[in-house]
Amino acid sequence: MQNKPTHKHSSLLSTLSRLAKYTTVRLFTLGCMVLISAFLTTVVANMGGYVDDVVRADTTFAVGMGMRDDEYARSLTPEERAQYLEETVDAILEAQGMNQPFLLRTARWVTRAVTLDWGQSRMGRIFFAGGYTREVYAHILDSLPRTLLLFGFANLLLFGFSIVSALALTHAQGGWVDRLLIILSPFSSAPPWVYGILLTVLAFQIPSLRFVTARFDTWPREFQWSYIPLILRHMLLPTLSIFLSKFFQSVFVWRTFFLLHYDEDYVALAKAKGLPRRILERRYILRPTLPSVLTNFALLLTSLWQEVIILEHFFNVAGIGRLFIRALAIRDIPMILGIVVTFAYLLALTVFVLDISYALVDPRVRIGSEAHRKTKAPRRALRWPTLPRLTLQLPTPAALLRNAREAYRNLSHALSQLWAALVRYPSALVGLSIIAFLIGVAIYAVIAIPYDEAVALWRGDQRTTYLRPRNALPAWVNAFSREQLPPTLIFDSRTDPIEREITEIVPEITDVVLRFPFDFAYDAFPQELSVYLYTPPATRHPHISLSWHTPDGREIRLGEFTARGGETYRFAHDDRLLRRLDGIAPEEALFANPEAETPTPLKGHYELRLSALMFEETTELDAEFVVHGQVYGLAGTDGRRRDLMVAVLWGTVVALAFGLLAAVGATLTTMLLAAIGAWFGGWLDELLQRITEINMVLPFLPVSLMIFTLYSKSFWVLLSVVVLLSIFGNALKSYRAIFLQTKQDSYIEAAQAYGAGDGRIIFRYLIPRIAPVLVPQLVTLIPSYVFLESALAFLGLSDPALPTWGKLVHSAFANNIFAGPYHLVLVPAVLLLVTGLGFALVGYALEYALNPRMNEQLS
């Protein structure tokens with residue numbers, strides 16, 4: 001009995017010792033990863049010489065400031081002082097290794113990258129640590145607390161509510177709440193900033209909620225309790241955006257984890273003993289599943305760290321995300337490098353905390369014990385796949401035809417079986433319908449609007465844009481509104497049957513009158529009124545006078561002017577007309593009912609009369625009268641009068657092309673590398689694993705944004721960089737684990753026994769076994785890349801020539817759209833949400849169809 005406390009004490013000391021050793025190893029490993037990440041970031045930036053320019057500018061500034069107190073330098077002439085400055089800077093740079101080879105020179109700057117010591121920023125001075133400064137690290141440390149507060153609060157809220165909700169649903173399996181969750185889980189495929197659009201529009205529509213849309217840039221220098229309500233108010237919409245974008249999916253996945261353990265024998269025994277529900281959930285359901293939950297949450301956090309950049313830019317949160325976007329806009333290289341390394345630190349810290357948490361909560365893990373040490377798998381000699389001998393003859397055309405027919409039959413059979421399995425799920429049919437509709441829209445866009453025409457229309461073709469209103473709503477809104485908004489009315493004497501009266505006053509003077517009658521039966525006023533004149537070249541220009549005739553018989557004299565060639569008369573720009581109308585806008589005063597107390601359009605028959613005195617023999621005069629309405633087309637217009645239908649149609653093409661190419665390229669390459677590494681093992685497998693671990697700390701989105709800003713925004717450059725940075729991700733570890741299990745199967749040994757080469761085993765036996773996992777993940781990956789392309793366009797970092805969905809959001813924010821119509825952000829937000837929903841529904845159905853055991857586990 002006396003030995004038990006001693007044994008427990010020694011066991012505790014042993015556990016603490018192993019934990020300290022594990023913590024030290026993990027800290028060292030993650031530190032090395034951050035160091036390598038900083039080196040790679042510096043290399044990428046310095047490929048264009050940007051880091052060298054920063055170092056030279058910083059050195060020049062320091063030497064120049066030092067020369068102000070140098071008596072020798074002050075005694076020199078300006079030319080001699082400039083030469084002395086240049087020689088001194090060159091000598092210092094040479095001592096710092098500026099003349100060394102590229103990699104050695106870049107490696108010298110890693111210390112500055114890791115310590116954020118990049119000198120002065122190009123941004124303004126801020127108050128930090130008791131004084132004003134422009135240092136890079138000061139800007140980052142000043143903005144970081146807001147990001148940590150927003151990110152930490154939102155994710156703690158998400159984690160807590162998701163755990164509680166998932167545990168509660170294990171006892172309500174099959175109920176209406178459970179079914180509602182399953183229906184809503186595909187909506188979690190959309191990123192937080194898409195939900196931010198919808199929530200912000202909703203808040204602006206409800207006057208009592210507009211106070212939550214203010215910018216989050218107020219930060220107290222000293223803690224005060226009065227600031228807490230203000231900060232919580234600013235955090236409401238960003239937190240809700242993160243919460244809604246991940247809550248349903250997290251609850252669905254964690255509910256699945258809990259259900260897998262809910263029917264275990266030890267849980268049934270605990271229920272039979274009458275244990276309280278809370279103890280049962282905590283000890284017998286939550287504890288064994290918590291490692292899986294933490295792993296899933298870790299993957300969620302790593303993606304959310306990247307999305308905080310877009311979210312802060314959208315909600316104007318003064319954190320490091322918005323600071324990074326500002327630095328990209330002005331090409332502040334020191335700030336860009338500093339923030340990229342900061343994100344690497346944050347990712348490494350997140351991985352470290354979750355590693356320690358995982359080790360503490362998993363009772364099966366014995367840190368540092370013999371059971372936890374890795375046993376090395378037998379290695380295969382790395383060699384090229386076995387190639388056929390050159391003496392072998394090529395297959396005959398008949399054999400090739402037979403092989404092609406057999407492959408076609410096998411593919412048709414597999415697709416028919418997959419289709420038969422999918423049609424059993426209504427969700428799959430809904431998802432396939434959405435995808436088919438999007439594909440149809442993309443095909444129609446390519447046929448109806450060729451690429452060159454689409455680019456010209458999106459850039460703003462002046463031949464057609466003047467006929468469209470600004471920020472007009474889609475025409476279909478009239479079908480859902482009691483107040484009928486006016487469309488754009490166009491009357492052209494060159495094409496329309498406009499009444500024309502020609503009266504000769506004297507032999508050299510002719511009076512030409514054009515009448516533009518029209519009916520106006522709408523409940524709102526038009527946006528603008530304009531007349532475009534087309535007259536032939538003349539030495540004596542015609543004199544134009546305009547008059548307005550209303551349904552109640554009033555005649556209002558408008559403007560008089562001399563038409564010199566292609567003259568344009570805009571009613572709202574005529575100061576004399578505005579004075580005659582008592583300062584009321586012409587588009588309102590000319591249509592207003594004079595007897596109404598509030599401004600109300602007078603419905604009825606209107607007419608614009610244009611009278612022209614022609615002082616030459618020719619009587620050729622044409623005019624175009626445009627009444628710019630408040631609705632236009634199926635998608636409306638933006639502030640530059642562009643038809644948004646162009647961006648909607650071609651945005652579908654770009655989104656599907658980018659999403660499909662990126663998903664297929666990244667997934668297939670990742671799968672191939674995982675198969676090769678798992679099969680050959682040894683140093684190749686270790687190299688792939690180390691690259692993957694480094695890539696997990698390398699911030700994907702910040703590095704991508706830095707490359708796009710410094711080098712190119714071409715569609716193909718965007719696609720190549722995204723695929724390259726996505727290859728060595730978490731999927732490589734998942735595929736590798738499956739391949740390692742498959743590698744031990746008996747049919748693999750049989751294939752080796754009859755002499756199958758490495759290439760044949762990899763491509764014919766290993767890779768096909770991963771199809772049940774690969775296909776659903778490939779389908780669900782497509783919308784994530786669609787969202788990425790839209791996010792890049794929203795940030796202004798996509799191909800400037802392409803009209804995309806993200807460009808609509810970017811255009812809306814450039815024109816402060818939340819002060820006016822919301823269709824510019826609602827249309828792309830709904831399209832993105834529907835796209836994500838369609839692919840998510842098909843992806844979930846594929847998981848059930850290709851993994852029948854999931855139905856058994858969840859039924």
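Bear in mind the structure is a predicted one, so any value in this text is a computation, not a measurement.
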When rounded to the nearest 0.5 Å, the distance separating CG of Leu644 from CG of Asn471 is 8.5 Å

#### Entry: Donor-acceptor pair, side chain of Glu588 and main chain of Phe525, under 3.5 angstrom
no

Residues passing the side chain to side chain contact (heavy atoms under 4.5 Å, CB included) test with Asp552, sequence neighbours excluded, are Thr550, Arg554, Pro594, Leu602

Residue set satisfying ring pair (Phe, Tyr, Trp, His ring centres under 6.0 Å) with Phe561, at least two apart, ordered chain then number -> Tyr569

To the nearest 0.5 Å, atom CG of Leu705 lies from atom CG of Leu328 at 6.0 Å

Applied to residues 641-650, the side chain to side chain donor-acceptor pair (under 3.5 Å) test, sequence neighbours excluded, yields Glu528-Arg641, Asp638-Arg642

Residues at least two apart in sequence or cross-chain that pass ring pair (Phe, Tyr, Trp, His ring centres under 6.0 Å) with Phe591, listed by chain then number, are Phe520, Trp548, Tyr606

>> Are the side chains of Lys603 and Asp523 in contact, using a 4.5 Å heavy-atom criterion?
In response: yes

So the side chain to side chain donor-acceptor pair (under 3.5 Å) pairs with at least one residue in residues 479-492 (sequence neighbours excluded) are Asp492-Arg494

Sorted by chain and number, sequence neighbours left out, salt bridge (Lys or Arg N to Asp or Glu O under 4.0 Å) with Arg326 holds for none

Here the pair of heavy atoms bringing Arg322 nearest to Asn316 is NH1-OD1, 2.7 Å

Using atom types as modelled, flag every donor-acceptor pair under 3.5 Å from a side chain in residues 438-447 to any protein atom, sequence neighbours excluded.
none

Under 3.5 Å donor-acceptor, Ser493 side chain and Ala623 backbone: yes

Heavy atoms of Pro191 and Ser245 approach each other most closely as C-CB, 3.9 Å

Checklist entry - Does the Arg576 side chain pair with the main chain of Glu560, one donor and one acceptor, at a distance under 3.5 Å? => result yes

Between the CZ atom in Arg468 and the CD1 atom in Ile490, the distance rounded to the nearest 0.5 Å is 9.5 Å

Here the gap from Glu307 atom CD to Ile242 atom CD1, rounded to the nearest 0.5 Å, amounts to 8.5 Å

Closest heavy-atom pair, Glu587 versus Ala572, reported as atoms and distance to 0.1 Å, is OE1-CB, 4.2 Å

Separation between CZ (Phe839) and CD1 (Ile782), nearest 0.5 Å, reads 4.5 Å

Side chain to side chain contact (heavy atoms under 4.5 Å, CB included) filter on Val513, not counting sequence neighbours, yields Glu501, Asp511, Arg515, Ser611

ask   = Is Arg500 reaching over with its side chain to a backbone N or O of Leu621, donor-acceptor style, under 3.5 angstrom?
value = yes

Sequence neighbours excluded, the answer for salt bridge (Lys or Arg N to Asp or Glu O under 4.0 Å) partners of Asp496 is none

Those residues at least two apart in sequence (or on a different chain) that pass ring pair (Phe, Tyr, Trp, His ring centres under 6.0 Å) with Tyr532 are Tyr466

**Message:** Taking the side chain as everything from C-beta on, heavy atoms only, tell me whether Phe787 gets closer than 4.5 Å to Thr835.
**Reply:** no

Taking every heavy atom of Leu323 against every heavy atom of Ser143, the minimum-distance pair comes out as CD2-OG, 3.9 Å

Side chain to side chain contact (heavy atoms under 4.5 Å, CB included) filter on His605, not counting sequence neighbours, yields Pro517, Asp519

- Message: Is any side-chain heavy atom of Leu198 closer than 4.5 Å to one of Leu244?
- Response: no

Rounded to the nearest 0.5 angstrom, the CD1-CE distance for Ile509 and Met614 is 12.0 Å

> Is a donor on one side and an acceptor on the other found under 3.5 Å between the side chain of Ser530 and the backbone of Val626?
Replying inline: no

Would you list the atom pairs, donor with acceptor, under 3.5 Å between side chains in residues 789-807 and any protein atom, with sequence neighbours excluded?
residue : atom : partner : partner atom : Å
Ser790  : OG   : Val786  : O            : 3.2
Asp799  : OD1  : Ala801  : N            : 3.1
Asp799  : OD2  : Phe715  : N            : 3.4
Thr804  : OG1  : Lys807  : N            : 3.3
Trp805  : NE1  : Val648  : O            : 3.2
Lys807  : NZ   : Asp799  : O            : 2.7
Lys807  : NZ   : Leu802  : O            : 2.6

- State whether the number of non-hydrogen atoms from other residues, nucleotides or ligands found under 6.0 Å of Arg331 atom CZ is greater than 12. yes

